[in-house]
Each structure stands twice: as C-alpha cells, then as structure tokens.
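Data block below; observations after.
Worth saying up front: this structure is predicted, and the values here are computed from it rather than measured. Hydrogens, waters and symmetry mates play no part in the numbers below; they use all other heavy atoms, side chains included.
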Amino acid sequence: MKKYLFIFLIIITLVFISSCNEKLDLPSDGRITLDEVFSDYNGTRAYLNSCYGYCPAPYMDRSSFSDEAQDADDIVPGSKFSNIYTGSLNASTFSTVSVDGSPWGFLYQGIRKCNVFIQRMESAPVYMPDIEKAGMLAQARTLRALYYLQLIKRYGGVPIYDKPIEIGYDFSKDKRAKFSEVVRFILNDCDAALAVPDDPDGFHWSINNYNQYGIMSRAVAYAIKSEAVTYAASPLWFDGTYSWDDATRINAEALSQCLANDYKLFDIVPASDIAQNAYALFFFTFSNDLRAIDKETIYHRGSAMQVWRDAGLPTNPSMTKAGPCPTQDLIDSYEMANGEPPITGYSDADRLVPIINTASGYNEENPYVGRDPRFYASIYYNDAVRYLDQPDGKKVETFVGGTEGISSVDRKYTRTGYYLRKFNNNKSGLNNQADGAIRLLRLAEIYLNFAESAYQSHGPDVQVTLGSFSMSARDAVNVVRARAGMPPFPAGMSKEAFEKKYRNERRIELAFEEHRYFDVRRWNILSETDRFVTGMRITKNGEDLTYTRFKVANRNCYQDKYLLYPIDPDEVTKMLALTGDYWQNPGWLD
C-alpha cells in the first residue's frame, strides 16, 4: 500500500510542476530572459542589486606589502609575504600572492552587469516613477565608475566598455585606453549620476544615504571623482590631461558638497576604558547606523576584521599569527605631540642612525612618550597598556625575552618590535566580531586629497573659493589634525616643506587602510620606500632598557614593475591573438 501511495504522490507532483510551467511559461530549467527581468519591477530592482559586490574589499594585510609593516608570515616558506619580499614572482604567480588576487576579471564582470542594467533601463518598459528610474541608473553609473577606479589603481590604463558585449563582437578593435582616458570616463559617469536630483525619500539616490547602507550615493560619486582626479594629476600618471588646478576644482566641489550635507569627521570622545581618543574609536564603531553616529564614512566595503586573531599578540587566546608588524620607519613618522618630527632623517643608508630633532623633545631612551595621539591608537609598543579598562594591569612586553618579545622564527611574535593596534577593539577576543573594518572611502581622505591638489596648484596658504566654500591646503590638513589633537601646520611654509609634512600626515592618518601602498606608487617613489624596512630590538637589564634599531632583510619588490599589477597571462595571450597588441604591464613576464 505504501508503494502505491508513493507512486501516486510522484504523479501528482509531476502534474503540478507541468501545470506551473505552462501557467508561468518558464523554460524547463526555470530561467527567464532579460526582457522578462526588465519588464518586471521587482526583477529590475533585483538585477541592480546583483550589480553590487564586485569591488575588492580593503584589508589590513596590504600594509605588509608596503613600508608600513613587515609580516610575521615572512618566515613561512612559500607564503605570499616571503614570495613578495624575495621578488620571486611572475605574471602567473602574482595572483597567488596579491591581497586581492587578480581582480581584473571580477571587476569586468561587475562592469558588464552595470552595462546591461544601464542599457536596459534606458528603454525599460516596466513602470516606475521617473525619479526612481533615474536614481537606479545613477547607482549603476556610480558603481561602474567605482569598478573602473579600482582597475586603474591596480593595472593602469584598461579597455573601456560602456555597452554590453554582444555575440559576434569584434575584439580585434579593442585597445587599452590611457589612464587619463579612463579617468575621463569615470568623471563623466559620476557627473551623469550627480545630475540626478535626490530622491525625496532618500531610498534610491541621495547625498547622504540615510536609509540604505552600502548603496551608491551622491557622496560616493564625489569621493570617486576626488580620488580618480588626484591620481590622474600625480607624477606616475600625469600626461597633461588633468592638472593640479583641475584636481583642486574637483576636490573642492567634492569636499564642499559633503560638508554641506552632514558629513563630518568622527569626533566622539570615548571613555578612557573604551578607546584612547576619537580617532581610535572611529575604526571599531559600526558604520551601519543610518549615519546617526558615524558621519565620516562615505562607503564601507568589507566586513569586520579579526585583528585579535590574525594580527594579534601572542598572549591573545587563540590568536594564529602576529600578521602585519608595524615598522620602525612608520614609528619614526609619528610626530611628537607638539607637532615636531622626532627625527629629521638618517645619517646612514640603512636608516639605523637617526638625526634627532632637538626641538621635538624626543628621547631615544624613552621613545614612546609624548607622541601624536594616533600613535597610541594604532601601535602596540613596549610598555603599552594592553587592556584600557585595566590601566594598572598587563603591559605589552616586546623586549627580548618578554611575553610579546621579538622573534625571527615564530609567526606569533613580532618581526619589528611592534604590533598592530588600529581596528583592535579593547573588548575584542575569542570568537567575536568586535574589531573594526577599513572604510573604502571616508571624509578624511577627501580633506587630504584637496590639500594635496591645492598646495600643488595654489600653494599651502592660498584660499580656494567655490561658492560659500573657502579653504586652503593648510586649512584642510589642520582640520584632520585637529580631530587627532595635533597642532596645526604653521603658516608660511614653502611648497617643498609642506609637501614633505603633508605626505607624512597622509601616511599617519590613513595608516593600514591600503592608501600607502597606492600612494608611493602614484608618487613614483616606490624604489625609495620599499627596498627594506627597519625594526626596534629592546633588551632589558634589570630595569634598564636598551633600544637598538635593526634592518630587516632586503626586499626585492621595489622595481618599477611593482608599480602595477600584471594582467592575467591568459587575458594577455587572448588579446595578443585578437588584436596583435601585447597588453602586459612593463616588467612582467608571463
């Protein structure tokens, strides 16, 4: 009886499925056409949602590919860090080492999706209010601009596709556009999006994105323009298309629009047992709060990191590795609290004999006292308080033989004498998600972008005026420093002196947020910064500490080829056959 009942149920099920297919007129595999997607309101919205998610998420590991950090995994044979430091890479192996692999194909997938959406929406028969349709198109154009920005930061000039590639497309006509040509495309996409007025409900398109976390907004479009044009005017990419004057005009508009629409630097002063200062608190404050607290974040891509585990101290329960260990080079760049640099340079090629700035008050025998507050928010150093709610409790011991002492054979111990503290929540620990994440775009970067272009085009002290907005390069930097509790840049600096101090400021404010990796490349100073890094070895004799700088092994990833990612060899081979042009970036062998 049970056997016949089972057969009967199967027959009923098949009849039901068959009748559903007839009623819905679906293919047997359930797929629907793009015409059907874009003739349906919910289908259209779902397709736009599918255009998101192709931007590589920033991550703390990239700091180990710059002069910010030496990674503790450098001792692991075949690790991505040992391979990058030895320079034993070619175009085929680079993706196995890179923080984000080889995102070329993935980013172009996102661009293709955006192209389909934009083309279809321009003639979509589905009914929706014009403001909603325009807002959705603005999101797609901003996303496409974001994806192209991520491509050119990594690969330089790339092919521009503004329409879906159809069957029978002639790839033989493809070419790599120049960096500046892609920037022009990015700016045009953002300008088209910015021409769309805010949705009154703020749901589909707005300046400040109160209602939807992670959705493209007018502020994102301004931030993309700011970063793209700043890169285009920088030494590596300048070709006469975009001047520093152009960059200043675009950066001034981006900054003024954000400031006029409720964006501001995070300035909440925490309790002393929670974080050292507002800067520290910002990086583990949840940014998905409808902008109730965090009004600095413009676009947050990526999840919370587990710093306590993957870049932790060996005394952390269940930590796996020390991860990116801050370098002495970075430590030296943190000014004293009075605004003076602790050192003015080095008297030797290995950067082991610093030239002390006597005006700073820096003491080589007590080097961690009286520094920029961002130092204490970002670095675990010898004798740092481990738990802020236990100020008289455990102190970090990075001296030789200390509980967190330096090691060259164990990935759980620092390589340089320091550990990463930024993003590390005082309350973080075993199996939680209390640590913070890197913001892909935030207001402080736009302040600094404006400062960079303005000192180049107008000088440090000249006011740049745009409507009611008026600010100088020095003013912009000083806003960022004020949040950190640092004194302002002095008036009357030469352009050269300002540039040196500005680049140091950018290094500190944006430390471990991936910017340093790209900054030294666009400034074309990679060979100056990445040949080697230094650390600090501390020995203890009774209560006396001796501080000895040391040079970490030479790196072999400073050559010009490391200015750019290599393009996937399969893509290079394919395009060589189709176009006759060799697309690979300089210095990379397939």
Side-chain angles (χ1 to χ4, degrees), residues 34 37-38 43-58 100 103-122 124 128 131-155 158-165 177 182-199 202-209 211-229 231 254 257-258 287-288 297-303 439-442 445-446:
L34 284 174
V37 169
F38 285 96
T44 300
R45 290 183 59 186
Y47 196 93
L48 176 60
N49 289 340
S50 74
C51 294
Y52 282 83
Y54 292 91
C55 178
D100 46 22
W104 174 284
F106 199 58
L107 284 162
Y108 270 115
Q109 286 181 45
I111 289 167
R112 180 188 63 80
K113 299 272 288 191
C114 292
N115 286 340
V116 169
F117 185 85
I118 292 167
Q119 184 184 70
R120 289 280 178 166
M121 282 297 286
E122 288 173 346
M128 64 178 61
I131 189 66
E132 184 173 345
K133 179 178 178 180
M136 294 172 77
L137 273 166
Q139 287 185 49
R141 288 194 173 98
T142 304
L143 266 176
R144 184 168 68 179
L146 177 65
Y147 295 153
Y148 271 114
L149 175 60
Q150 301 310 311
L151 276 169
I152 62 174
K153 285 171 64 172
R154 291 162 171 80
Y155 298 100
V158 297
I160 298 173
Y161 299 103
D162 62 353
K163 296 180 179 62
I165 295 175
V182 184
V183 169
R184 182 181 294 112
F185 184 82
I186 290 169
L187 298 182
N188 287 342
D189 251 352
C190 290
D191 286 339
L194 290 168
V196 175
D198 279 6
D199 177 353
F203 190 74
H204 300 288
W205 184 245
S206 66
I207 182 68
N208 43 34
N209 215 6
N211 296 325
Q212 293 211 75
Y213 175 73
I215 299 300
M216 294 294 100
S217 69
R218 292 167 64 84
V220 174
Y222 281 122
I224 291 170
K225 289 183 65 177
S226 172
E227 189 170 293
V229 75
Y231 275 57
Q257 287 295 316
C258 287
S287 64
N288 184 8
T297 299
I298 294 174
Y299 186 57
H300 187 160
R301 168 75 176 137
S303 58
R439 274 69 162 172
L440 188 67
L441 299 167
R442 64 182 178 99
E445 183 200 349
I446 301 185

Derivation and outcome, side-chain contact (heavy atoms from CB on, under 4.5 Å), residues Val158 and Leu107
CA-CA 11 Å; Val158 297; Leu107 284 162; over 6 Å; no
Which of parallel (below 30°), tilted (30 to 60°) and perpendicular (above 60°) describes Tyr161 and Tyr108?
perpendicular
Once you round to the nearest 0.5 Å, how far does [atom1] of [X] lie from [atom2] of [Y]?
X      : Y      : atom1 : atom2 : value
Gln257 : Ile207 : CD    : CD1   : 6.0 Å
Ile186 : Thr142 : CD1   : OG1   : 11.5 Å
Glu445 : Ser226 : CD    : OG    : 6.0 Å
Ile215 : Trp205 : CD1   : CH2   : 11.0 Å
Cys114 : Asp162 : SG    : CG    : 12.5 Å
Leu48  : Ser50  : CG    : OG    : 7.5 Å

Using a 4.5 Å cut-off on heavy atoms from C-beta on, say whether the side chain of [Y] contacts that of [X].
X      : Y      : answer
Val183 : Tyr231 : no
Asp199 : Ser206 : no
Tyr52  : Lys113 : no
Tyr47  : Val116 : yes
Ile111 : Leu151 : yes
Arg45  : Met128 : no
Asp100 : Gln150 : no
Ser287 : Tyr213 : yes

With a 3.5 Å distance limit and no angle check, can you tell me whether Tyr54 reaches the backbone of Tyr147 through a side-chain donor-acceptor pair?
no
Using modelled atom types and a 3.5 Å cut-off, is there a donor and acceptor pairing between side-chain atoms of Arg301 and backbone atoms of Gly53?
yes
Enumerate the side chain to side chain donor-acceptor pair (under 3.5 Å) contacts for residues 182-193, please, sequence neighbours excluded, ordered by first and then second residue.
Arg144-Asp189, Asp191-Lys225
Please lay out, stage by stage, how His300 and Asn288 fare under the test side-chain contact (heavy atoms from CB on, under 4.5 Å).
CA-CA 9 Å; His300 187 160; Asn288 184 8; over 6 Å; no
Can you run down the salt bridge (charged side-chain N to carboxylate O under 4.0 Å, His left out) pairs that involve residues 131-143, sequence neighbours left out, and say none if there aren't any?
Glu122-Arg141
Matching residue for Val220 among Leu440, Leu146, Leu441 - test: side-chain contact (heavy atoms from CB on, under 4.5 Å):
Leu441
Name the residue from Ile298, Leu194, Ile446 that meets the side-chain contact (heavy atoms from CB on, under 4.5 Å) definition with Tyr222.
Leu194
Assess whether side-chain contact (heavy atoms from CB on, under 4.5 Å) is satisfied between Phe117 and Met136, documenting all intermediate values.
CA-CA 9 Å; Phe117 185 85; Met136 294 172 77; 3.9 Å; yes
Which heavy atom of Cys190 sits nearest a heavy atom of Ile224, and at what distance?
SG-CG2, 3.8 Å
